[in-house]
S.K.: 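Have a look at this one before I ask anything.
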Amino acid sequence: MSSFEINKFAGAFLGALLLVFGLRFVSDFIFHVEAPEKPGFAVAVADAPAPAAEAPAAATAEPIATRLASADVAKGEAAFKKCSTCHTIDNGGPNRVGPNLYNVVGGPKAHIDGFAYSGVLADAGKAGQKWGFEELDKFIENPKAYMAGTKMAFAGIKDAKERADLIKFLHGKSDAPVPLP
């Protein structure tokens with residue numbers, strides 16, 4: 001390769017660099033942007049409703065005993081499909097990401113020996129706490145709010161009727177079901 005060809009390549013390369021930096025200079029001149037005093041963006045947030053405004057909405061839900069009286073086991077079985085990704089319900093069924101839920105209604109929290117429960121749930125089981133109808137209703141509605149520190153990543157079921165159907169289905173999956181309230 002002759003020195004003339006090397007000069008052509010070097011000139012093309014330097015010309016391209018000059019063009020890139022020149023365009024940047026020209027664009028900065030045309031589209032001048034002031035740097036903000038503080039980095040980041042200000043996010044406008046509407047005023048959140050006061051917590052007292054939410055309390056009456058929660059109080060309007062019927063008690064679990066009333067909802068269980070009209071709950072449908074078949075709909076509860078359909079609702080359990082949301083749970084079946086992580087849990088099984090058959091007697092002697094295997095644990096998955098979550099424990100087997102056979103005998104859960106009325107049974108102790110952290111009821112499967114050897115399962116790696118979150119610390120807060122294991123402590124509740126050691127303290128002798130049980131899964132009553134109201135406890136299950138609150139837990140299924142929002143696991144993280146009911147039991148802060150739980151490993152359960154499920155967002156919960158907001159529909160009170162669907163929760164009652166699910167609890168009635170779970171109630172029947174037991175050797176000796178506890179009496180309905």
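Hydrogens, waters and symmetry mates play no part in the numbers below; they use all other heavy atoms, side chains included.
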S.K.: Say you draw a straight line from CG of Asp72 to CZ of Phe169; how long is it, rounded to the nearest 0.5 Å?
M.R.: 11.5 Å
S.K.: So which heavy atom on Phe80 is nearest to which on Leu101, and how close?
M.R.: CE1-CD1, 3.9 Å
S.K.: May I ask you to check whether His171 and Phe133 place their ring centers less than 6.0 Å from one another?
M.R.: yes
S.K.: How many angstroms lie between atom CD of Glu135 and atom CD of Gln129, to the nearest 0.5 angstrom?
M.R.: 8.0 Å
S.K.: Working to the nearest 0.5 angstrom, can you tell me the gap between Ile157 CD1 and Lys82 NZ?
M.R.: 4.5 Å
S.K.: Quick check: does any side chain N or O of Ser27 sit under 3.5 Å from a backbone N or O of Leu23, one acting as donor and the other as acceptor?
M.R.: yes
S.K.: With the threshold set at 4.0 Å, does a side-chain nitrogen-carboxylate oxygen contact exist between Lys161 and Asp165?
M.R.: yes
S.K.: Which atoms form the tightest heavy-atom contact between Ala110 and Gly125, and what is the distance?
M.R.: CB-CA, 4.2 Å
S.K.: Give a yes or no on this: more than 12 heavy atoms of other residues, nucleotides or ligands lie within 6.0 Å of atom NZ of Lys158.
M.R.: yes
S.K.: Please report the closest heavy-atom contact between Gly156 and Pro143, naming both atoms and the distance.
M.R.: CA-CD, 3.9 Å
S.K.: Are any of the side-chain nitrogens in Arg67 or Glu162 under 4.0 Å away from the carboxylate oxygens of its partner?
M.R.: no
S.K.: Please check: side-chain N/O of Lys144 versus main-chain N/O of Met152, any donor-acceptor pairing under 3.5 Å?
M.R.: yes
S.K.: Does Lys173 form a side chain to side chain contact (heavy atoms under 4.5 Å, CB included) with Asn103? I'd like the steps, not just the answer.
M.R.: CA-CA 6 Å; Lys173 298 297 183 176; Asn103 279 332; over 6 Å; no
S.K.: Ignoring hydrogens and geometry, is there a side-chain-to-backbone donor-acceptor pair from His87 to Pro99 under 3.5 Å?
M.R.: yes
S.K.: As an exercise, state the distance from OG of Ser2 to CG of Asn7, rounded to the nearest 0.5 Å.
M.R.: 8.5 Å
S.K.: Donor-acceptor pair, Tyr117 side chain versus Lys109 backbone, under 3.5 Å?
M.R.: no
S.K.: Got Val105 and Pro177 here, is their nearest side-chain heavy-atom distance under 4.5 Å?
M.R.: no
S.K.: Is there side-chain contact between Ile112 and Asn95, with heavy atoms separated by less than 4.5 Å?
M.R.: yes
S.K.: Within the distance-only criterion (no hydrogens, no angle test), does the side chain of Lys151 pair as donor or acceptor with the backbone N or O of Ala116 below 3.5 angstrom?
M.R.: yes
S.K.: What are the two closest non-hydrogen atoms of Gly92 and Asn100, and how far apart are they?
M.R.: C-ND2, 4.5 Å
S.K.: To check you understand the geometry: which heavy-atom pair defines the closest contact between Cys86 and Arg96, and what is its length?
M.R.: O-CB, 3.1 Å
S.K.: Quick check against the 3.5 Å criterion: does Thr88 have a side-chain atom that pairs as donor or acceptor with the backbone of Pro94?
M.R.: yes
S.K.: Roughly how far, to the nearest 0.5 Å, is CD1 of Ile167 from CH2 of Trp131?
M.R.: 10.0 Å
S.K.: Do Val20 and Leu17 land in one hydrophobic cluster if side-chain heavy atoms of ILVMFWY residues count as linked below 4.5 Å?
M.R.: no
S.K.: Kindly assign one of parallel, tilted or perpendicular to the pair Tyr146 and Phe139, based on the angle between their ring planes and the thresholds 30° and 60°.
M.R.: perpendicular
S.K.: How long is the straight-line distance from CG of Leu19 back to CZ of Arg24, given to the nearest 0.5 Å?
M.R.: 14.0 Å
S.K.: Establish, from distance only, whether the side-chain atoms of Asp175 and Tyr102 form a donor-acceptor pair under 3.5 Å.
M.R.: yes
S.K.: Please answer whether the main-chain N or O of Ala164 pairs with a side-chain N or O of Asp137 as donor and acceptor at a distance below 3.5 Å.
M.R.: no
